[in-house]
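Only one structure is covered here, and it is reproduced in the block below.
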Protein chains: 2
Amino acid sequence: MKLYTYFRSSAAYRVRIALNLKGIPYDAAPVHLLRNGGEQLSDAYRAVNPAMLLPALEDDGNVIGQSLAIIEYLEETQPQAPLLPSDPAGRARVRSLALTVAADTHPLGNLRVLKYLTGELAVPDDVKLSWQQHWLRTGMSALESLLATDPCTGRYSHGDAPTLADCCLVPQVFSARRFGVDLAPYPTIARIHAACNELPAFQQAHPAQQPDAE
Amino acid sequence: MKLYTYFRSSAAYRVRIALNLKGIPYDAAPVHLLRNGGEQLSDAYRAVNPAMLLPALEDDGNVIGQSLAIIEYLEETQPQAPLLPSDPAGRARVRSLALTVAADTHPLGNLRVLKYLTGELAVPDDVKLSWQQHWLRTGMSALESLLATDPCTGRYSHGDAPTLADCCLVPQVFSARRFGVDLAPYPTIARIHAACNELPAFQQAHPAQQPDAE
């Protein structure tokens with residue numbers, strides 16, 4: 001199994017956590033998002049993933065893009081250490097929490113969006129930072145409400161074992177801290193983040209632990 | 001089953017298609033995204049969905065947010081007219097296509113993002129339209145590449161029966177057309193869109209057919 005990854009990519013970080021939680025060995029194929037104008041835009045990578053985004057997983061000759069689709073694939077093909085609960089309502093809740101990060105929060109702070117802001121819209125750096133912080137806070141605030149108001153939240157986002165929701169939560173907190181967002185208004189997120197990071201699977205997936213870390 | 005919906009919401013439109021394809025009757029509970037400063041931000045709706053976003057599905061006392069989580073829930077609880085293929089690689093491909101729309105394309109043209117552009121960033125209307133068109137084209141271009149280069153693409157996005165990918169594709173094309181994006185560079189998307197819209201399930205989910213259409 002081969003994972004096209006970049007140490008700081010939030011979406012690749014999610015998949016690394018899932019692979020580690022399931023104990024699946026993989027080869028990391030680093031793709032540098034900044035070098036050479038973005039290696040994900042190269043002809044070589046386009047041949048792997050025509051959507052030209054990270055991460056992508058190669059398994060048995062198939063290439064899968066999109067972090068959540070990759071994790072669902074891992075869940076279906078390697079069911080050990082399940083990342084989704086067994087009941088449909090619980091599965092829906094976990095997927096909904098994951099999408100609150102992956103669809104509502106993360107895309108707005110993506111590198112290509114920030115480039116458009118500073119390029120086409122000629123936005124100065126402090127306004128760009130406000131944009132990043134605004135969408136991080138909006139997303140974290142929604143996630144906090146969903147977690148804090150629901151008795152299904154346990155030691156982790158859903159009950160007492162890590163799930164797909166935690167694979168998304170932890171990288172999002174990493175981004176939030178990196179861009180100066182204070183976690184104090186999100187005590188449930190902060191508590192779950194700390195619990196996750198006690199586990200080796202999360203520690204070893206951290207950007208700083210990757211072969212391509214800078 | 002009750003669907004909190006808004007006629008023009010792309011994410012609600014996806015769920016309406018899925019419900020229709022599966023032949024599941026539902027009550028539509030319209031939430032107006034513009035009226036009264038946005039009814040999704042009201043205390044009444046916050047009590048339903050703390051994330052304050054549409055759509056949300058109420059079933060058996062559970063409330064599920066996030067269109068893709070809702071459709072996966074429908075797939076698991078009402079397996080008739082399956083919206084995912086049976087093989088893991090095919091399921092991964094369909095989910096990946098769906099996320100190319102739902103995570104990479106749609107969030108950047110969301111109402112709240114456009115409000116931030118014209119409000120906080122004081123962007124004029126023509127620059128806002130360029131933003132919308134830029135991200136619609138970027139997303140459609142990625143989707144076209146994924147569809148055009150893969151032999152699994154059939155009459156629909158994956159083979160010859162409609163899937164979750166088509167539930168996402170059709171509302172995205174509706175948005176693209178609404179904001180003046182020419183479909184000529186995306187012949188595969190245009191062809192699949194036309195095939196889908198021959199089906200009553202898609203026709204009846206169209207914004208113009210909703211009880212709250214304006």
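No hydrogens, no waters, no symmetry mates; every other heavy atom, side chains included, goes into these values. In the text below, chain A, chain B and the rest are named by the order of the sequence lines, each starting its count at 1.
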What I'd like to find out is whether the side chain of [X] reaches to under 4.5 Å of the side chain of [Y], using heavy atoms alone.
X        : Y        : answer
B/Arg112 : A/Trp135 : yes
B/Leu68  : A/Leu68  : no
A/Gln66  : B/Asp104 : yes

Taking A/Leu108, A/Val63, A/Ile70, A/Asn62 one by one, which has the highest count of heavy-atom pairs under 4.5 Å against chain B? A/Leu108
Report the relative orientation of the aromatic rings in B/Tyr116 and A/His134; use parallel for angles under 30°, tilted for 30 to 60°, perpendicular for over 60°. tilted
Under 4.5 Å to a heavy atom of chain A? For B/Asp59 that would be neither
For the CZ atom on A/Arg46, are there more than 12 heavy atoms of other groups (residues, nucleotides or ligands in this structure) within a distance under 6.0 Å?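 Counting other residues, nucleotides and ligands, CZ of A/Arg46 stays at 12 neighbours or fewer.
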Assert top hit (heavy-atom pairs under 4.5 Å, partner chain A, pool B/Ala142, B/Pro50, B/Ser141, B/Gly139) equals B/Pro50
Which one wins on heavy-atom pair count under 4.5 Å against chain A: B/Pro107, B/Ser96, B/Ser145? B/Ser96
How would you list, by chain and number, every residue that makes a salt bridge (Lys or Arg N to Asp or Glu O under 4.0 Å) with A/Arg191, sequence neighbours excluded? none
For the side-chain contact (heavy atoms from CB on, under 4.5 Å) test, which of A/Glu75, A/Glu76, A/Gln78 pairs with B/Pro88?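 By the side-chain contact (heavy atoms from CB on, under 4.5 Å) criterion, B/Pro88 pairs with just one of A/Glu75, A/Glu76, A/Gln78: A/Glu76.
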Where on A/Thr149 is there a heavy atom nearer than 4.5 Å to chain B: the side chain, the backbone, both, or neither? side chain
